[in-house]
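Working notes, beginning with the structure itself.
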Amino acid sequence: MNSDFQEDAARVTDRLAAEALIVDVGAFEGPLDLLLTLSRTQKVDLRQISILALAEQYLAFVEKAKELRLELAADYLVMAAWLAFLKSRLLLPPDPEEEGPSGEELAAHLAFQLERLEAMRKAAARLMARDQLGRDFFARGITEDVQRVRSVKYTATLLDLMQGYARIRTRDDFRPFVMDRDSVMTMEQSLDRMRRLIGFAGDWTDIASYLPEGWETDPVKRRSATAATFAASLELVKEGKVDMRQSDIFAPIHIRRRADRDG
Amino acid sequence: MAEPENDSLFEAPPLAEQERMVEAILFATAEPVTVRDLTGRMPHGCDPAAALAHLRKRYEGRGVQLVRIDNAWAFRTAGDLGFLMQKETVETRKLSRAAIETLAIIAYHQPVTRAEIEEIRGVSVSRGTIDQLIELEWVRLGRRRMTPGRPVTFVVTQGFLDHFGLENARDLPGLKELRAAGLLENRPPPGSVLDDQDPEEDDGDQGDMFEDDA
Amino acid sequence: MAEPENDSLFEAPPLAEQERMVEAILFATAEPVTVRDLTGRMPHGCDPAAALAHLRKRYEGRGVQLVRIDNAWAFRTAGDLGFLMQKETVETRKLSRAAIETLAIIAYHQPVTRAEIEEIRGVSVSRGTIDQLIELEWVRLGRRRMTPGRPVTFVVTQGFLDHFGLENARDLPGLKELRAAGLLENRPPPGSVLDDQDPEEDDGDQGDMFEDDA
């Protein structure tokens, strides 16, 4: 009588707990979370937990949910099926024909998973309870920037130097070195000349036509004058006095006075 | 012009002077500074490690503490004085339970794959959860696991250690007990194909955690 | 959590404790803090001025100093350690082609005037190029040429010889030797990029001309 009463009372408590769980089903993060919550009703160390009892609790929960026509996510039903299978394995004597892990092994693993999840939850809580930067302890408020002083070190090797020299000296077919200033035209000279001439160039004109008289024939003079004229043209472009165009690689370069800047 | 090559001609500054230098450098920044950085910034021949040890002692019990975070050092206010700093308190976004648990799992099981996190929590990990932890700079990608599919792993960062006042990952609360209880093992379900997993790999898992500390 | 309204019921914390508080507040606050601010933040009955005086003494001669700015207080790096707040990085760059050629001409033809350098290179030499070589201490001014206009000449320095491992500029191999060494073999086609040993300056000779413009 007394024990009957206690059993009834226990069932009522279980049922109430199960109903409370069902109301909260959305609050569980999946079947494992639910199993962990259910396991607490056993009020024992997780190492001594009865997985069989837990399986029954879970299955009862799923039954209840069905009665209440609650939509349970698929993984809850998968877990229910697996626990039903586990329960049968735990209850029935092991079948020597059957391959695979025993019911005890499966139950032990589930117990391990529950214990591990519980342990991680406790660890998480301990972690969050620690003093935290910016809440309990603080970093330096006034920081000083480290100034980066960048120094550039230039290098060159002897080979660079010799090759550089060789490069210059071979451009003129190894002609002996003479001071023939008269075959060199500087950009300044060319610029002076072009500033005077550009006023007349209304249309696209080949820059070759700006070479001074007498400089177009001698290759050495022509090269220098072309380079100087080209450089001077670019300078004029930069000043906004002329436009420049070249239709293709090695094609003649044309310049034209920029009309809108006239005056 | 500084002539660093000449520094070696002089003797290193006395230890007391090196201590002052370390103090100044660490006071100037909010971020932990590595011993290597200190060495790089101090005159040639300095031994920041010795200076740090002296300095740590000097600040013992003060309002400001010299703390070690992995192989870096920083000054932080003493934990008991936080109540004075309400103005400085940084409002952090409240983390979801999923995020907090995921963070703990990464910290205790690192390096850990997403599948392992899911196995431990029993639910899939939403993309946003790990993203959030990465954005907080508490979690970063570790080395890929050398198993089929070469999954990425996650580990906690120096910023995580700094935030929670941990000198290194070994200082995580309860770590030893959890390990002793076998709760940090990646135990595959019985009968699964993973059953005959390479035992070396399991060693690797645990070992890695300490490589990061070195 | 502190409960400021209750503090008045208790005695003010001991001065040493107040000193810790001031230390922590000044450390963590983003700007200098006035005594008034300190009073407001510390428990009732505290005397920040006294704590500040003690703290200032404690930091005397340390790597950071407690300084007064107007009527507020802050920690600052000791003046003599300012050099630690600089990080020097040395970047190695290859000398430009224009500079190398100019340097080569000076080395082979010294003493040489600017006009002569331009003559040999066939392009004008920017002021910057020679300045750079002078700054590198590879080139210096020689005697003025006793010709009309008395132009300055340029010569290479001992530093140049040291850098290039030469005893004397006369040790530089002549054209014949350069050819024998295979250094003159690759004659580039006219008008093309000469060679690609200096990818930064792939506009070749013409690049030099614009140095004046730059």
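Nothing here was measured: the structure is a model prediction, and the numbers come from that model.
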d(Phe27(C) CZ, Phe75(B) CZ) to nearest 0.5 Å is 7.0 Å
* Write down the atom of Glu17(C), the atom of Leu81(B), and the distance for their closest heavy-atom approach. =>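 Residues Glu17(C) and Leu81(B), closest heavy atoms: OE2-CD2, 4.1 Å.
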(Q) Which heavy atom of Ala24(C) sits nearest to which heavy atom of Met85(B), and what is that distance? (A)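 That would be CB-CE, 3.9 Å.
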Quick one, Asp80(C) and Met21(B) - any side-chain contact, counting heavy atoms below 4.5 Å?
no
Quiz prompt | Side chain to side chain, Phe83(C) and Arg41(B), heavy atoms closer than 4.5 Å | solution =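 No; the side chains remain at least 4.5 Å from each other.
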Under 4.5 Å from a heavy atom of chain C, the part of [X] involved:
X	answer
Leu26(B)	neither
Leu84(B)	both
Arg76(B)	backbone
Gln65(B)	neither

Within 6.0 Å of CD in Glu167(B), more than 12 heavy atoms from elsewhere | yes
Given Thr77(C), Val22(C), Thr29(C), the one with more heavy-atom pairs under 4.5 angstrom with chain B than any other is Thr29(C)
Max heavy-atom pairs within cutoff under 4.5 Å with chain B, candidates Ala78(C), Ala28(C), Gly82(C), goes to Ala28(C)
Quiz prompt | Heavy-atom donor-acceptor pair, Arg20(C) side chain to Gly61(B) backbone, under 3.5 Å | solution =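 Yes: the side chain of Arg20(C) pairs with the backbone of Gly61(B).
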Angle between ring planes, Tyr59(C) versus Tyr59(B), binned at 30° and 60°: parallel, tilted or perpendicular?
tilted
